[in-house]
Amino acid sequence: MADDILLKDLIDSELVFVNSTASSLEEVINNVASKMIDKDIVKDSYPEAVISREKELPTGLNIGSEFGIAIPHTDVQHVNRSAIGITTLEKPIKVHSMVNPEDIIDTQLVFNLSVADPDGQIKILQQLMGLFKNIDVLKEILASKDAGQIIDVVNKNI
């Protein structure tokens with residue numbers, strides 16, 4: 001099953017939030033999780049599990065020297081089916097670095113993952129890392145005016 005996972009199949013326009021005014025990663029996680037719960041993608045335990053995991057194992061990544069992202073996620077027992085939520089932020093939020101948790105990264109781009117297949121997480125993260133290698137693509141996502149534009153940018157670059 002994991003070999004068949006493609007990012008484009010996991011992104012739903014209802015899970016894409018453009019120019020969010022959220023002021024923290026916890027708020028972003030709760031916003032996306034609320035929609036995921038409504039769509040029965042994740043269980044009610046998902047937001048709290050993601051926030052707890054983020055405190056223990058942060059997911060902030062500094063891409064180059066100019067771009068920060070976060071990839072919050074949690075274990076499969078909190079997930080009904082795989083999906084990706086994407087949030088662009090009006091103003092940067094502070095997240096802790098995956099590499100060195102004491103480091104703080106400013107980010108305006110968050111990819112919330114819900115992964116139902118444990119083997120699928122690596123495949124999804126590999127595809128995302130391929131996308132993250134190109135800062136111009138990340139800037140294009142951030143500059144997008146609506147969910148459709150973001151989905152188009154992701155799909156043409158994976």
Side-chain angles (χ1 to χ4, degrees), residues 1-2 4-51 53-54 58-64 66-74 76 78-95 98 105-117 120-158:
M1 167 104 180
D4 301 327
I5 294 177
L6 295 174
L7 287 185
K8 66 180 182 175
D9 297 330
L10 302 179
I11 301 172
D12 175 337
S13 63
E14 289 186 57
L15 300 176
V16 178
F17 300 86
V18 182
N19 288 326
S20 169
T21 58
S23 59
S24 69
L25 184 58
E26 190 169 319
E27 189 176 349
V28 172
I29 291 167
N30 282 319
N31 289 346
V32 176
S34 177
K35 184 56 87 168
M36 286 180 163
I37 290 167
D38 288 348
K39 295 176 69 70
D40 201 35
I41 294 168
V42 297
K43 298 174 179 157
D44 289 343
S45 59
Y46 176 83
E48 185 177 325
V50 174
I51 291 165
R53 185 191 185 284
E54 195 67 29
T59 61
L61 278 175
N62 208 6
I63 308 294
E66 61 183 296
F67 211 92
I69 58 163
I71 318 164
H73 56 282
T74 194
V76 296
H78 305 286
V79 175
N80 294 324
R81 64 184 167 92
S82 296
I84 298 175
I86 302 173
T87 302
T88 63
L89 292 142
E90 195 174 272
K91 294 179 183 171
I93 58 171
K94 308 276 186 204
V95 299
M98 176 187 303
I105 298 170
D106 285 329
T107 186
Q108 284 183 269
L109 189 54
V110 179
F111 288 78
N112 285 73
L113 307 184
S114 71
V115 183
D117 173 9
Q121 183 169 315
I122 292 171
K123 180 81 171 170
I124 291 168
L125 288 172
Q126 286 173 335
Q127 291 177 68
L128 283 172
M129 291 305 166
L131 189 70
F132 300 160
K133 285 181 186 175
N134 189 335
I135 289 180
D136 290 334
V137 171
L138 298 176
K139 288 180 179 176
E140 192 176 348
I141 291 170
L142 195 56
S144 295
K145 302 295 182 209
D146 59 45
Q149 249 187 320
I150 290 174
I151 292 169
D152 288 346
V153 171
V154 170
N155 287 344
K156 75 179 183 186
N157 288 287
I158 53 173

To the nearest 0.5 Å, what is the distance between [atom1] ([X]) and [atom2] ([Y])?
X: His78; Y: Ile37; atom1: NE2; atom2: CD1; answer: 11.5 Å
X: Gln121; Y: Gln126; atom1: CD; atom2: CD; answer: 11.0 Å
X: Asp152; Y: Ile11; atom1: CG; atom2: CD1; answer: 10.5 Å
X: Thr107; Y: Ile93; atom1: OG1; atom2: CD1; answer: 6.0 Å
X: Asp117; Y: Lys123; atom1: CG; atom2: NZ; answer: 12.0 Å
X: Leu128; Y: Ile69; atom1: CG; atom2: CD1; answer: 7.5 Å

Heavy-atom side-chain proximity of [X] to [Y] below 4.5 angstrom:
X: Leu113; Y: Ile124; answer: yes
X: Asn31; Y: Glu27; answer: yes
X: Glu140; Y: Lys156; answer: yes
X: Val95; Y: Thr59; answer: no
X: Asp106; Y: Lys94; answer: yes
X: Ile86; Y: Leu109; answer: yes
X: Leu131; Y: Gln127; answer: no
X: Leu15; Y: Ile84; answer: no

task: Any chance you could lay out the side-chain contact (heavy atoms from CB on, under 4.5 Å) test for Ser144 and Val18, step after step, and finish with the verdict?
output: CA-CA 8 Å; Ser144 295; Val18 182; 5.7 Å; no
Closest heavy-atom contact between [X] and [Y]?
X: Ala70; Y: Leu25; result: CB-CD1, 4.2 Å
X: Gly85; Y: Val32; result: CA-CG1, 4.0 Å
X: Ala33; Y: Val42; result: O-CG2, 4.2 Å
X: Ile41; Y: Ser114; result: CG2-OG, 3.4 Å
X: Asn112; Y: Val110; result: OD1-CG1, 3.5 Å
X: Arg81; Y: Lys39; result: NH2-O, 3.5 Å

task: Mind running side-chain contact (heavy atoms from CB on, under 4.5 Å) on Val115 and Val79 for me, showing each step along the way?
output: CA-CA 6 Å; Val115 183; Val79 175; 5.7 Å; no
- prompt: Does CD1 belonging to Ile122 count more than 12 external heavy atoms closer than 6.0 Å?
  reply: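 Atom CD1 in Ile122 is not packed in, count stays at 12 or less.
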Can you tell me if [X] uses its side chain to pair, donor with acceptor, with the backbone of [Y] under 3.5 Å?
X: Gln108; Y: Thr88; answer: no
X: Ser13; Y: Gly148; answer: no
X: Gln149; Y: Ile141; answer: no
X: Ser82; Y: Ala116; answer: yes

field: Pair Val154-Lys8, side-chain contact (heavy atoms from CB on, under 4.5 Å): steps then yes or no
entry: CA-CA 7 Å; Val154 170; Lys8 66 180 182 175; over 6 Å; no
